[in-house]
Amino acid sequence: MASPQPDAQSPREIRAARLQKVNDLKQLGLNPYAYTWDVTHQAAALQEKFTELPNGEEADFEVSIAGRIMARRVFGKLAFFTLQDETGSIQLFLDKKTIQTAMAETDEQAFNHLKQLTDVGDFLGVKGVIKRTDKGELSVKVSTYSVLTKALMPLPDKWHGLTDVAKRYRQRYVDLIVNPEVRDTFRKRALITASIRRYLDQQNFIEIETPVLQAEPGGADARPFVTYHNTMDMQLYLRIATELHLKRLIVGGFERVFEMGRIFRNEGISTRHNPEFTSIELYQAYADYHDMMDITEALIVNAAQEVLGTTDITYQGEAITLSTPWKRITMHDAVQEKTGVDFAAFTDLAAAKEAAKKAGLHGVDDCATIGHVLNEAFEQTVEPSLIQPTFITDYPVEISPLAKPHRHKPGLVERFELFIVGRETANSFSELTDPVDQRQRLEAQAAKKAAGDLEAQSLDEDFVTALEYGMPPTGGMGMGIDRLVMLLTDAPSIRDVIAFPLLKPEQGGTD
RNA sequence: GGGUUGCUAGCUCAGCGGUAGAGCACUCGGCUUUUAACCGAUUGGUCCUGGGUUCGAAUCCCAGGCGACCCA
């Protein structure tokens, strides 16, 4: 018999009571923190295998399973536990006679100890046979059990679960324990990234890792995180893109490369932005942005088919069809459709601004070029309406310093961005390969940066030198993995698809 | 950056100027077919923090912290 339990009500006392049970288990010679358990089956597979087992029948099938106790329904000489493993859950049918007979040699009070010393939250290993109860619940009729890990902290309300979003993110492990759909999201995320890698592997792309720590961050318009290397005594930046190094690999002779990895941007946090996020960038020699549209469609459709089994999805109540081909429209045409203004017709900046204001746009006064006015018009009028997958093509050169000039349209570049549910999901160019042009464009960016534009790009001399050795015609594409996962898992916030999103410390700063 | 809003028991929430509450969880007793088990009993609090108003503040006011939503 276990020692009498102290009253346990407050979390402090609950913890104390559970620590007492830890000691009681040790007194009985049982290790409350076991080393291994021989698991023969998982819950979901058993549920699947025995769907046909009639109520009240026992199968001649022995199993040894393990998991966390999620619910306890205890009677005098009978108890039902719900045991949860990674795949799902299964009921334990705990009959006093069966257990005390089977465990007589090790613990003659085995059933009473089970009742007294286990709690919701503990990990339990059991051996027994499969049976379906009279009431129809598939169960393991337990002969022997072992406490594998004693939990000290109580779990959240079994019915309401954990809903406080801040707590869910701060204590994701608790969120994962009690909210099965959260586990499902991260499982799907893994399947999505695996399907992308598998597809690219089939297309003979190879993944090469490029540096996170860089002396000069480049490849995107974004503010970097700054860090410091002690022995080299130098300031370093966390990468804001993988672009410039992957292109160096194309210069080096690889023809199909990609990297899926973490990117860091020192910017705001929102439902669509986390300071660290995952991107994939891929580069294919001898290809252009049209080829990149095809591969982008293929990657996303393939992922949807493999993970969801369909290309017809719902995002936050909105029906989205991913079946290809997706709409392709130039930025100029898209803006003209919405505003009635053809910005391609302008040669005078002031006139373009005038027309933009007449069309009801705001914030165009600061625009330095007609291209910036066009982009502003696009972001304000077109972007939110791009719910179904749409490639917006042919961007102004002023906002695309790494893209090759359009082969037919002066002032534009061969670039597209993919929008789904109003969000930029991918960005791609026919890559600029002319080192002289590239130098000029990056010098212009560096000048803007020197003038105080914190998101302007800088001049990476070594990258330009690489181009001077000659880069073959290349198509490149970058995609936000988190946003893709949000789309395919119907997640409203990027924090729902990042296991441990960045949060402010709960107790506030030190200053 | 601006606006709106939330923070009360381990969890989910009520209370909105007059003794801090409910359900679940926990503890004790009972129970061999439960599955939000049930029946009975006992319990559990820095009402986010700090000031202020008041005879009296979880409640009203001010400042701060951490979130959520909307706008820029």
Side-chain angles (χ1 to χ4, degrees), chain A residues 1-21 24 43 47 55-58 69-84 88-101 111-112 114-122 131-142 151-171 174-175 177-179 267-272 316 361-366 376 379-380 384 492-496 501-511:
Chain A
M1 186 63 197
S3 57
Q5 304 303 321
D7 286 353
Q9 280 87 28
S10 73
R12 186 175 55 252
E13 289 165 326
I14 289 173
R15 189 167 172 281
R18 292 194 174 196
L19 277 171
Q20 181 59 50
K21 293 178 185 179
D24 290 343
Q47 298 282 7
N55 290 4
E57 278 201 23
E58 203 169 297
I69 301 170
M70 295 303 288
R72 284 163 35 99
R73 296 174 289 280
V74 180
F75 298 76
K77 295 171 185 164
L78 179 69
F80 300 93
F81 286 9
T82 302
L83 201 71
Q84 171 176 284
S89 54
I90 189 165
Q91 180 169 269
L92 303 183
F93 182 93
L94 302 152
D95 171 68
K96 182 173 182 174
K97 240 184 236 171
T98 310
I99 288 173
Q100 299 214 155
T101 304
F111 182 77
N112 291 336
L114 181 74
K115 278 189 4 180
Q116 288 155 2
L117 300 180
T118 66
D119 290 289
V120 168
D122 294 352
K131 75 170 274 178
R132 191 176 291 281
T133 61
D134 297 347
K135 298 288 165 61
E137 187 71 34
L138 190 72
S139 307
V140 174
K141 184 181 178 186
V142 174
L152 301 183
M153 299 296 289
L155 292 180
D157 188 291
K158 65 187 168 196
W159 186 241
H160 299 98
L162 185 68
T163 60
D164 183 289
V165 288
K167 195 154 292 180
R168 285 185 45 223
Y169 299 145
R170 284 187 200 285
Q171 292 189 280
V174 179
D175 190 27
I177 291 167
V178 300
N179 294 322
E267 292 162 3
I269 296 178
S270 76
T271 50
R272 291 169 297 282
Q316 301 295 295
L361 304 176
H362 49 82
V364 294
D365 287 320
D366 297 337
E376 198 62 45
E379 288 182 2
Q380 286 179 39
S493 168
I494 195 169
R495 289 177 158 184
D496 295 323
L502 186 67
L503 297 165
K504 282 194 186 181
E506 214 161 0
Q507 293 310 313
T510 49
D511 48 339

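Note that the structure is a prediction, hence the values are computed from the model and not measured. What you see below is based on every heavy atom in this structure, not just the backbone, and it leaves out hydrogens, waters and symmetry mates.
Taking only side-chain atoms of A/R12, from C-beta outward, the nucleotide of B/U33, B/G45, B/C24 with the closest atom is B/G45. For A/D95, the listed nucleotide lying nearest its side chain is B/U32; candidates were B/U12, B/U32, B/U33. Checked against B/U12, B/U33, B/G67, the side chain of A/V165 finds its nearest nucleotide in B/G67. Distance from the side chain of A/L78 is smallest for B/U32 among the nucleotides B/G23, B/U32, B/C69. With B/A68, B/C13, B/G23 as the choices, the nucleotide that has an atom nearest any side-chain atom of A/T163 turns out to be B/C13. Among the nucleotides B/U12, B/G44, B/G67, the one closest to the side chain of A/E13 is B/G44. Looking at the side chain of A/R495, the nearest of the listed nucleotides B/G67, B/A36, B/U32 is B/G67.
Straight-line distance from the NZ atom of A/K77 to the P atom of B/U32: 5 Å, rounded to whole Å. Between A/D157 atom CG and B/C11 atom C1' there is a gap of 5 Å when expressed in whole angstrom units. Taking atom CD of A/E376 as the reference point, atom C1' of B/A72 lies 12 Å away to the nearest angstrom. Rounded to whole Å, atom P of B/C26 lies 14 Å from atom CD of A/Q116. Atom NZ of A/K115 is separated from atom C1' of B/U32 by 10 Å (rounded to the nearest Å). Here the C1' atom of nucleotide B/U27 and the CD1 atom of A/I14 are 9 Å apart, to the nearest Å. In this structure, A/W159 atom CH2 and B/G23 atom P are separated by 18 Å, rounded to whole Å. Here B/U27 presents its P atom at 7 Å from CZ of A/R72, a figure rounded to the nearest Å.
The nucleotide B/A41 finds its pairing partner in B/U27, both defining distances of the Watson-Crick or G-U wobble pair being shorter than 3.5 Å. Remark: B/G18 base-pairs with B/C55; criterion is Watson-Crick or G-U wobble with both hydrogen-bond distances under 3.5 Å. For B/G67, the paired nucleotide is B/U5, the pair qualifying as Watson-Crick or G-U wobble because both relevant distances are below 3.5 Å. In this structure, B/U33 makes no Watson-Crick or G-U wobble pair, since no nucleotide meets both defining distances under 3.5 angstrom.
With C1' as the reference atom, B/U49 and B/C31 are 48 Å apart, rounded to whole Å. Look at the P atom in both B/A57 and B/G64: the space between them is 24 Å, to the nearest Å. Nucleotides B/A68 and B/C24 are separated by 31 Å at their P atoms, to the nearest Å. Separation of the P atoms belonging to B/U27 and B/C66 is 36 Å when rounded to the nearest angstrom. Distance noted for atom C1' between B/C60 and B/C71: 29 Å (whole Å).
Residue-level contact check: A/K141 touches neither bases nor backbone, having no heavy atom under 4.0 Å from any strand. Note on A/R170: only backbone sugar-phosphate atoms sit closer than 4.0 angstrom, heavy atoms only; bases stay farther off. No contact: A/V178 has no heavy atom under 4.0 Å from any strand. Residue A/R132 is out of contact with every strand shown, counting any heavy-atom pair closer than 4.0 Å. Contact annotation for A/L503: backbone-only contact, meaning every heavy-atom pair under 4.0 Å involves sugar-phosphate atoms and none involves a base. The residue A/T133 sits close to a base: some heavy atom pair falls under 4.0 Å. Among the atoms of the strands shown, none is found under 4.0 Å from any heavy atom of A/G363.
Checking A/Y169 against A/D164 by side-chain atom types alone, no donor-acceptor pair falls below 3.5 Å.
In terms of heavy-atom proximity, A/L162 sits nearest to A/D175 at CD2-N, 4.0 Å.
Without hydrogens or angle criteria, A/R15 side chain to A/P154 main chain gives no donor-acceptor distance under 3.5 Å.
More than 12 heavy-atom neighbours from other residues, nucleotides or ligands sit within 6.0 angstrom of NZ on A/K115.
In this structure A/F93 satisfies the ring pair (Phe, Tyr, Trp, His ring centres under 6.0 Å) test together with A/F80, sequence neighbours excluded. Shown here are the side-chain hydrogen bond (donor to acceptor under 3.5 Å, both in side chains) partners of A/R132, two or more places apart in sequence or in another chain: there are none.
Along RNA chain B, the nucleotide nearest to A/K167 and the one nearest to A/S139 differ in position, and the one closer to the 5' end is contacted by A/K167. Annotation: of the two residues near RNA chain B, A/K97 and A/P156, the 5′-most nearest-nucleotide partner is A/P156.
Atom CD in A/Q91 sits 5.5 Å away from atom OG1 in A/T133 (nearest 0.5 Å).
Remark: A/K504 is in phosphate contact with B/C66, judged by side-chain N or O atoms under 4.0 Å from OP1 or OP2.
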